[in-house]
Amino acid sequence: MDVVDIAVIGGGIAGASLARAVADGRRVLLLERESQPGTHASGRSAALFSETYGNAVVRALSTGSRDFLRAPPEDFAGFALTRPRGAMHVGRPGQEETIRGLAETLAALVPSVREIGAADAVARVPVLQPQRVGGAVFEPEALDLDTNGMLQGSLRGLRRRGGEVRTGAEVTALAPLPGGGWRIETTAGAVEAGIVVNAAGAWADATAALAGVAPVGLVPKRRTAFLFDVPGHAVDGWPMVVDLDETFYIKPDAGKLLGSPADETPSPPCDAQPEEIDVAVAVDRIERATTLQIRRLSHRWAGLRSFVADKTPVLGFDPAAPGFFWCAGQGGYGFQTAPAMARLGAALLRGGPVPEDLARLGVTAAALSPARFQAGAPIATETHP
Ligand SMILES: Cc1cc2nc3c(=O)[nH]c(=O)nc-3n(C[C@H](O)[C@H](O)[C@H](O)COP(=O)(O)OP(=O)(O)OC[C@H]3O[C@@H](n4cnc5c(N)ncnc54)[C@H](O)[C@@H]3O)c2cc1C
């Protein structure tokens, strides 16, 4: 029987980064069902960092992650985990007022965001159909993320601190121990842990159910993506293009373009697969908005972005289950918030306060706490910019 201080369930970016952050001076075991960490959402993202994305709490967590990602500690990665990319929200003729409004809203969050004219937008991404462009909101500071570098740096850092990563270890039962802590049954043997961290991604509510803990109402939503070649164009310097109504996006990815219909189809937790219809819809939208003819897809996939009702992640001890800690609901921003989520999670696991820099950005433990889902708690609403 293994006995550890903290067992983290889930070897995606959420579990791996929090496990590393809390491993100093603690015995930490990371349990992952699959044979490889990062098999699910964390192996399927679009790898963008944008400080205008998400609600106020999410944006603060992203800003609180930026310095780490730009200049990670030497033992994490010996290189920057970001690269300049830029993002452009492109509107059609007739949408000028919406473009102006969005530019003002986003510039209030990140001052470098600005409205640009149609000709400027087409000059930046020459495959855009000029007659379909009425203008755009340009976000120069959006960044590409090295998501594999983030995951591997977290796992390496955990091992360097004496922690263990156990793959092929599906948690099948969780029972509180009489003196405190948890007994965890896994397909790779039983473990006892003082604290269980639930970082099971789309399966976080299912994992809570194993422990008899009330769900937080997580809704996994499928998002489809694919890669295609763009013959005759050097796409690497193009910004990401998101259409103003968010019905598709394209983003350079290692010499190809990544396309997505920006779908959000509710799904049970599963190994998400792309549906033909979602791929076809995206191809059609991209072909209408550009001069591109997409002949062949080199790769297609889907992943689950899991949200709770207010779209703020869930981080903290469950109020009704001692020693049960949530790290879930990272939605479409799990990578760009991971460094701050890990630091905050480690502080809360140690019983400490919110780290000062995050508190200055307006992050409170209450905003992320699972206590907000308890009966009688005020009903939270989504707060998008
Ligand atoms: C198409 C797409 C585009 C995205 N684009 C971006 C982006 O541009 N920027 C960004 O920041 N984010 C993006 N995201 C979101 C980001 O990928 C997620 O927020 C993040 O990966 C969630 O990480 P996680 O560790 O919570 O989940 P996961 O990576 O799914 O990890 C959870 C792990 O828990 C394991 N597990 C579950 N149950 C058990 C159990 N009982 N026992 C053991 N292990 C278990 C699973 O096998 C899984 O590996 C995107 C997501 C998708 C799908």
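Just follow the structure's listing: the first ligand is 1, and inside any ligand the first atom is 1. Nothing here was measured: the structure is a model prediction, and the numbers come from that model.
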> When you measure from atom 49 (O) of ligand 1 to every protein heavy atom, which one gives the shortest distance, and what is it?
Replying inline: Glu32 OE1, 2.7 Å
>> Just to check, does Ala202 reach to within less than 4.0 Å of ligand 1 when the distance is taken from its heavy atoms?
In response: no
>> Looking at every non-hydrogen atom in both residues, tell me the closest pair between Phe76 and Gly149 and how far apart they are.
In response: CE2-O, 4.1 Å
> Does CD belonging to Glu185 count more than 12 external heavy atoms closer than 6.0 Å?
Replying inline: yes
>> Return the closest protein heavy atom for atom 19 (O) of ligand 1 as residue, atom name and distance.
In response: Gly331 O, 2.8 Å
> Starting from atom 2 (C) of ligand 1, which protein heavy atom do you reach first, and at what distance in Å?
Replying inline: Arg44 O, 3.4 Å
>> Out of the candidates Arg160, Arg350, Arg161, only one should pair with Asp24 under the salt bridge (charged side-chain N to carboxylate O under 4.0 Å, His left out) rule; please name it.
In response: Arg161
>> What's the separation between atom CD in Glu96 and atom CZ in Arg92, rounded to the nearest 0.5 Å?
In response: 11.0 Å
>> Would you call the rings of Phe226 and Phe228 parallel, tilted or perpendicular, taking 30° and 60° as the class edges?
In response: tilted
>> Counting neighbours of CD on Glu97 that are heavy atoms of other residues, nucleotides or ligands and sit closer than 6.0 Å, is the number greater than 12?
In response: no
>> Among all protein heavy atoms in this structure, tell me which lies nearest to atom 12 (N) of ligand 1, with the distance rounded to 0.1 Å.
In response: Gly332 O, 3.1 Å
> What do you reckon, does Gln336 have a nitrogen or oxygen under 3.5 Å from a nitrogen or oxygen of ligand 1?
Replying inline: yes
> Which of the numbered atoms in ligand 1 are below 4.0 angstrom from a heavy atom of His40?
Replying inline: 30 (O), 46 (C), 47 (O), 48 (C), 49 (O)
>> Check this for me: does any side-chain nitrogen of one of Glu356 and Arg360 sit under 4.0 Å from a carboxylate oxygen of the other?
In response: yes
> ligand 1 versus Ala225, non-hydrogen atoms closer than 4.0 Å: side chain, backbone, both, neither?
Replying inline: neither
> Minimum heavy-atom separation for Ala302 to Arg44, with atom names?
Replying inline: O-NH1, 2.9 Å
> Which residue holds the protein heavy atom closest to atom 51 (C) of ligand 1, what is that atom called, and what is the gap in Å?
Replying inline: Arg305 CG, 3.5 Å
> Can you list the ligand 1 atoms lying under 4.0 Å from a non-hydrogen atom of Ala47?
Replying inline: 7 (C), 8 (O)
>> Within ligand 1, which atoms have a heavy atom of Trp203 less than 4.0 Å away?
In response: 37 (C), 38 (N)
> Is there a donor-acceptor pair closer than 3.5 Å between any side-chain N or O of Ser42 and the backbone N or O of Ile13?
Replying inline: yes
> Can you find an N or O of Phe335 that's nearer than 3.5 Å to an N or O of ligand 1?
Replying inline: yes
>> For a quick check under 3.5 Å, do Glu51 and Thr63 share a side-chain donor-acceptor pair by atom type?
In response: yes
>> For ligand 1, which is the ligand I care about here, please tell me if Leu210 has any N or O atom under 3.5 Å from one of the ligand's N or O atoms.
In response: no
> Of all heavy-atom pairs between Thr337 and Ser62, which one has the smallest distance, and what is that distance?
Replying inline: CG2-OG, 3.5 Å
>> Taking 4.0 Å as the limit for heavy-atom contacts, which would you say applies to Thr172 with ligand 1: side chain only, backbone only, both, or neither?
In response: neither
>> Let's go through Thr187 and Glu170 carefully: what are the C-alpha distance in whole Å and the side-chain angles of both, what is the deciding distance for side-chain hydrogen bond (donor to acceptor under 3.5 Å, both in side chains) to 0.1 Å, and is it a yes or a no?
In response: CA-CA 5 Å; Thr187 48; Glu170 176 173 2; 5.3 Å; no
> Which protein heavy atom lies closest to atom 21 (O) of ligand 1, and at what distance to 0.1 Å?
Replying inline: Ser42 OG, 2.9 Å
> If you look at every heavy atom in Pro261 and Arg285, which pair is closest and at what distance?
Replying inline: O-NH1, 3.7 Å
>> Give me the nearest non-hydrogen protein atom to atom 8 (O) of ligand 1 as residue plus atom name, then the distance to 0.1 Å.
In response: Leu48 N, 2.8 Å
> Is any N or O atom of Arg33, backbone or side chain, closer than 3.5 Å to an N or O atom of ligand 1?
Replying inline: yes
> Non-hydrogen atoms of Ala169 versus ligand 1: any pair closer than 4.0 Å?
Replying inline: yes
> Which is it for Ser260 and ligand 1 at heavy atoms under 4.0 Å: side chain, backbone, both or neither?
Replying inline: neither
>> Which residue and atom name correspond to the protein heavy atom nearest atom 42 (N) of ligand 1, and how close is it?
In response: Val171 N, 2.9 Å
>> Taking 4.0 angstrom as the limit and counting only heavy atoms of Ala199, give me the atoms of ligand 1 inside it, by number and element.
In response: 32 (C), 34 (O)
>> I'd like to check whether Ile9 has a polar contact with ligand 1, where a contact means an N/O of the residue lying under 3.5 Å from an N/O of the ligand.
In response: no
> Between Ala14 and ligand 1, is there a nitrogen or oxygen pair with a distance under 3.5 Å?
Replying inline: yes
